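Here is how names work: the chains are called A, B, and so on, in the same order as the sequence lines, proteins then strands, and each is numbered from 1. Atoms considered below: every heavy atom in the structure, side chains included; atoms not considered: hydrogens, waters and symmetry mates. These numbers come from a predicted model, not from an experiment.
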Amino acid sequence: MVASPPAVQAALRVTVPAGVTAGQALRDGGAPTTGPDAVVVARDPQGALRDLAWAPDSDTEVDAVAASSPDGRSVIRHSCAHVLAQAVQQHFPDAKLGIGPPVIDGFYYDFDVDRPFTPEDLAILEKTMRRIIKAGQRFSRRVLGSVSEAKRELAAEPYKVELVDLKGSTSGVTIDPDEVMEVGAGDLTIYDNVHPRTGETIWSDLCRGPHVPTTRHIPALRLMRTAAAYWRGSERNPQLQRIYGTAWESTEALERHLELLAEAQRRDHRKLGAELDLFSFPDEIGSGLAVFHPRGGTVRRVMEDYSRRRHEEAGYDFVNSPHITKAQLFETSGHLDWYADAMFPPMHLDEELADDGTVRKPGQDYYLKPMNCPFHNLIYRSRGRSYRELPLRLFEFGSVYRYEKSGVVHGLTRVRGMTQDDAHIYCTPEQLQGEICSLLSFVLDLLRDFGLDDFYLELSTRNDEKYVGTDEQWEQATEALRQAAEATGLELVLDPGGAAYYAPKISVQAKDALGRTWQLSTIQVDFQLPDRFELEYTASDGSRRQPYMIHRALFGSIERFFGVLTEHYAGAFPAWLAPVQVVGIPIADEHVEHLQQVAKALRARGIRVEVDASDERMQKKIRTHTTQKVPFLLLAGSKDVEAGAVSFRFRDGTQINGVGVEDAVGAITGWVARRENRSPSAAELPIGQP
RNA sequence: GCCGCCUUAGCUCAGUCGGACAGAGCGGCUCACUCGUAAUGAGCAGGUCCGGGGUUCGAUUCCCCGAGGCGGCUCCA
């Protein structure tokens, strides 16, 4: 199941004569005014979106923006947020307005209210919104003369006043224009919701617009959930009550969206993890700490084994390091300065007290490790290094522990204990560029082998308020990463200020089968740690030089990648990864022996196979193992036994009957050895029927 | 960490407006059935109603505290 892309079609372009509204000109030009492709706003030659009521001073070319286009949807959602706010203030007259922008797949609006909203409130608000929409209120733009006029009009809305002040101020405080729709670069404007017949203003909101012409242009909506959110995104500010909703150009589009959400819920790795007996989070261990059951453990082992093999082939050296260390190491690395809050608190060991209670021997703090790099640096530093050894690539499946805040742990994707497939590469300055390039293609290749093939890259650059190192170092590292990223030909998205304090990074974002993106691999160039650890190598001229260091996590964390793969495949892992690859199902007891022989042959060739000899009926067994998403079911009855054959049944219900045992074993082992990521089915397997 | 919601059998969930032995389906176990492509039938076992405290004659139910989960916010080396 995939999200259907918005209709892509050349937008209608018309010339709007001076003094005529864009809406009139577009209507005259034949733009649809109803249905999913109805024009909702216009795009001017500068690319700005304009209300259809906008009338330019001189002849101007504009493009129609359809309801079903990405921009059209945003406008609908933003207008829908206004309708929500109107409904809220109707039911909660004391509610103060925060901000109400469109977001991916929906919108939200924040309110300061006496009590949080309940699900019942949402139902009532949604009903009121439908009434407002049906009334066909016009969105009418009004320019305010000055900041003081705006503040006078908005006196009852303290948060809006704050936004007006921010816009008016020269303090340099910036407002994120994607989030704050209230004020923009131009005039301060109010949108009045006007009764279609009486012309009476029913409700107003500070807003830069644009909006759909009338509330009737919001064809489908749904309020989704409530949440708290800090005012202006800072935990130092008061929390407002947020309502999330979604709105679409048609009921069908809304239904498709809701179905996508339902599908995401069905393939939630936490749910599948329990259903398929893959892993669990026992309360006794602690929040965010997983145990992998035999089936999950098998998938993990296959993932790790394959990764190991590929790393070996790519010239990595395998190392190991302990889970805890004295504080000193993380003082040297700087992690304690930056991340102490997010580390498990230390164990204070080895302290001895005298009889009088005074300290006779001071103890030491030991920390669980949150990162592997300091250990790898010690390995590097354990003896002198020659330029001939570089690039030195140290790889480890390293378990790290991070004290994630209680509200953020989430299934396998945000945990407190995880295994990184972590590598640190030490190289000369001359090797840096080439190393990053080959690293990036190595990473992408391996991800593709796991069936992820839709990527884009993100380049996170320096956060000017949180970094160490010199401008030159940052520039050089960022440039090296950028060049490598561009060389892949993949889309590159900038993430200004997104880097960790010590290094810029490239992250690989992968889209899964539902079109959701996950950050997987990261590559960082680091100048700080080699310096802090005084890493050196002897160059060909005998001089001592400092190596460059590249941090690289490929899957990111094994746990997280496991979760991503589970959702990507909806639990139906490719056969080479599946915990149980084959289940033999006898028609009756007397056919068990035959299947045992087949299983033996498969097992001898490394296939994970079971024979279900329980006394359930055959149909029940098929159901059981199909719901367990076993890729190959092999049935055998008297006909098969006599013919020395088995009958295939696949996850999709297709079958190939009477396949000779040797052919069957060959087909399965071949499919697994090729690491086919598709789900096997009758049409895919080159055996049996012509 | 903050806000809201939730926690009943291994799993999914009923239920108790504060009162009698707390229910169902799936799963597990036992028995019968031996069957040709998604649920055979019968029986049995299984519960500190998340933990602690309080209110009450009486608490799984109401209140408080805690733990865990879920949805967000902030955070994510």
Side-chain angles (χ1 to χ4, degrees), chain A residues 108 110 115-119 224-244 265 268 270-271 274-275 277 280-288 330 333-343 369-374 400 402-411 413-415 420 422 460 466 498-503 505 519 522 524 526 528-529 551 553 556-557 560 585-592 615-628 633-640 647-658:
Chain A
Y108 66 79
D110 289 342
R115 61 164 179 85
F117 297 107
T118 65
M224 305 297 286
R225 59 173 61 95
T226 59
Y230 298 109
W231 169 240
R232 295 182 55 217
S234 168
E235 58 188 330
R236 290 186 301 275
N237 287 339
Q239 278 197 334
L240 306 182
Q241 295 301 316
R242 175 171 296 181
I243 296 177
Y244 280 95
Q265 219 163 45
D268 188 316
R270 294 165 299 184
K271 185 178 153 76
E275 284 173 9
D277 197 11
S280 61
F281 289 91
D283 290 356
E284 292 84 342
I285 302 177
S287 190
F330 292 120
S333 71
H335 287 107
L336 274 171
D337 291 340
W338 294 88
Y339 298 112
D341 284 353
M343 289 166 65
K369 70 169 165 180
M371 290 203 91
N372 300 302
C373 35
V400 298
R402 296 175 180 182
Y403 188 70
E404 301 286 1
K405 288 195 275 184
S406 65
V408 307
V409 294
H410 179 92
T413 57
R414 194 81 182 269
V415 290
Q420 290 183 319
D422 210 358
S460 299
K466 195 180 162 189
Y501 73 93
Y502 57 84
K505 81 175 172 200
Q519 179 185 310
T522 57
Q524 297 173 277
D526 185 351
Q528 313 311 325
L529 284 184
H551 300 248
S557 103
R560 180 180 152 85
I585 298 178
I587 303 299
D589 282 350
E590 65 201 79
H591 311 121
V592 170
D615 54 7
E616 292 294 348
R617 293 176 75 224
M618 172 263 306
Q619 287 89 339
K620 176 63 178 296
K621 293 180 185 179
I622 289 171
R623 181 185 148 81
T624 302
H625 299 110
T626 303
T627 54
Q628 285 295 304
L633 301 186
L634 294 183
L635 280 73
S638 301
K639 272 184 271 177
D640 291 301
S647 294
F648 280 80
R649 182 182 164 109
F650 303 95
R651 292 194 279 227
D652 63 353
T654 56
Q655 39 183 296
I656 308 176
N657 295 322

Base of G36(B) paired with side chain of D640(A) (donor-acceptor, under 3.5 Å): yes
Closest-nucleotide ordering on RNA chain B, the 5'-leading residue of E235(A) and E590(A): E590(A)
base_contact_polar (A38(B) base, R651(A) side chain, donor-acceptor, <3.5 Å): no
Side chain of V408(A) - closest among U40(B), A77(B), U74(B): U74(B)
Touch class at under 4.0 angstrom, heavy-atom based, for K466(A) against every strand present: sugar-phosphate
Validation row: S638(A), H591(A) side chains within 4.5 angstrom (heavy atoms): yes
Interatomic spacing from NE2 in H410(A) to OG in S287(A) - rounded to 0.5 Å: 12.0 Å
Pair of N/O donor and acceptor under 3.5 Å linking G36(B) base with S647(A) side chain: yes
Sub-4.5 Å side-chain heavy-atom contact between R651(A) and Q628(A): no
Options A39(B), A38(B), C35(B), nucleotide nearest the side-chain atoms of K620(A): A39(B)
Integer angstrom distance from the P of A22(B) to that of C26(B): 22 Å
Sugar-phosphate only, base, or nothing, as touched by T627(A) at under 4.0 Å among non-hydrogen atoms: base
Nucleotide U7(B), atom P - distance to CG of D283(A) in whole Å: 15 Å
Out of A77(B), G36(B), U40(B), whichever nucleotide has its closest atom nearest the side chain of S638(A): G36(B)
Nucleotide forming a Watson-Crick or wobble pair with G19(B), both distances under 3.5 Å: C57(B)
Options A77(B), C73(B), G68(B), nucleotide nearest the side-chain atoms of S287(A): G68(B)
Pairwise C1' distance for G1(B) and C75(B), with rounding to whole Å: 9 Å
pair K621(A)-L635(A): side-chain heavy atoms closer than 4.5 Å: no
5′-ward residue of the pair G286(A)/Q241(A) relative to RNA chain B: Q241(A)
Any side-chain heavy-atom pair of N372(A) and Q420(A) under 4.5 Å: yes
Touch class at under 4.0 angstrom, heavy-atom based, for R225(A) against every strand present: sugar-phosphate
Interatomic distance, K271(A) NZ vs G10(B) P [rounded to whole Å]: 19 Å
Rounded P spacing from G54(B) to U16(B) in Å: 27 Å
Any donor-acceptor N/O pair under 3.5 Å between C76(B) base and E404(A) side chain: no
Sugar-phosphate only, base, or nothing, as touched by K639(A) at under 4.0 Å among non-hydrogen atoms: base
Check: K405(A) side chain, U74(B) base, donor-acceptor under 3.5 Å: yes
Separation between the C1' atoms of G51(B) and A67(B), rounded to whole Å: 7 Å
Pairwise P distance, C62(B) and U7(B) [rounded to whole Å]: 10 Å
Min side-chain heavy-atom separation E235(A)-Y230(A) under 4.5 Å: yes
Aromatic plane relationship, W338(A) with Y501(A) - under 30° parallel, 30 to 60° tilted, over 60° perpendicular: parallel
F281(A) and V415(A), any side-chain heavy atoms less than 4.5 Å apart: yes
Sugar-phosphate, base or nothing in reach of A636(A), heavy atoms under 4.0 Å: nothing
Nucleotide G36(B), atom P - distance to NE2 of H625(A) in whole Å: 19 Å
Watson-Crick or G-U wobble partner of G36(B), both distances under 3.5 Å: none
Base of C75(B) paired with side chain of R414(A) (donor-acceptor, under 3.5 Å): yes
Side-chain donor/acceptor contact of Y230(A) with base of G1(B) under 3.5 Å: yes
Between C63(B) and C5(B) - P atom distance, rounded Å: 11 Å
Out of G71(B), G69(B), U37(B), whichever nucleotide has its closest atom nearest the side chain of A227(A): G71(B)
Partner nucleotide, any strand, of G27(B) [Watson-Crick/G-U, under 3.5 Å]: none
Side chain of A229(A) - closest among G68(B), C35(B), C73(B): C73(B)
Enclosure of R115(A) CZ (heavy-atom neighbours >12, cutoff 6.0 Å): yes
Under 3.5 Å donor-acceptor, S647(A) side chain and G658(A) backbone: yes
Q265(A) CD - U12(B) P separation (whole Å): 13 Å
Of the listed nucleotides C3(B), U40(B), A77(B), the one nearest the side chain of P370(A): A77(B)
Sugar-phosphate only, base, or nothing, as touched by R649(A) at under 4.0 Å among non-hydrogen atoms: base
Atom pair distance, as rounded to whole Å: CZ in R623(A) and P in A39(B): 7 Å
Side-chain donor/acceptor contact of Q619(A) with base of U37(B) under 3.5 Å: no
Nucleotide C11(B), atom P - distance to CZ of R270(A) in whole Å: 16 Å
Sugar-phosphate only, base, or nothing, as touched by H410(A) at under 4.0 Å among non-hydrogen atoms: sugar-phosphate
Separation between the P atoms of C17(B) and G23(B), rounded to whole Å: 15 Å
Nucleotide of A77(B), U37(B), U40(B) approaching Y502(A) most closely (side-chain heavy atoms): A77(B)
Selection from C3(B), G71(B), U34(B) that lies nearest to any side-chain heavy atom of D589(A): U34(B)
E616(A) CD to C31(B) C1', straight-line distance once rounded to whole Å: 13 Å
Atom C1', compared across G46(B) and A24(B): separation rounded to whole Å: 14 Å
Sugar-phosphate, base or nothing in reach of A274(A), heavy atoms under 4.0 Å: nothing
Sugar-phosphate only, base, or nothing, as touched by Y501(A) at under 4.0 Å among non-hydrogen atoms: nothing
Any strand: nucleotide that pairs with G46(B) via Watson-Crick or wobble, under 3.5 Å: none
Sugar-phosphate only, base, or nothing, as touched by D615(A) at under 4.0 Å among non-hydrogen atoms: base
Short side-chain N/O contact to A38(B) OP1/OP2 from T626(A), under 4.0 Å: no
For atom OH of Y244(A) and atom C1' of C73(B), their distance in whole Å: 7 Å
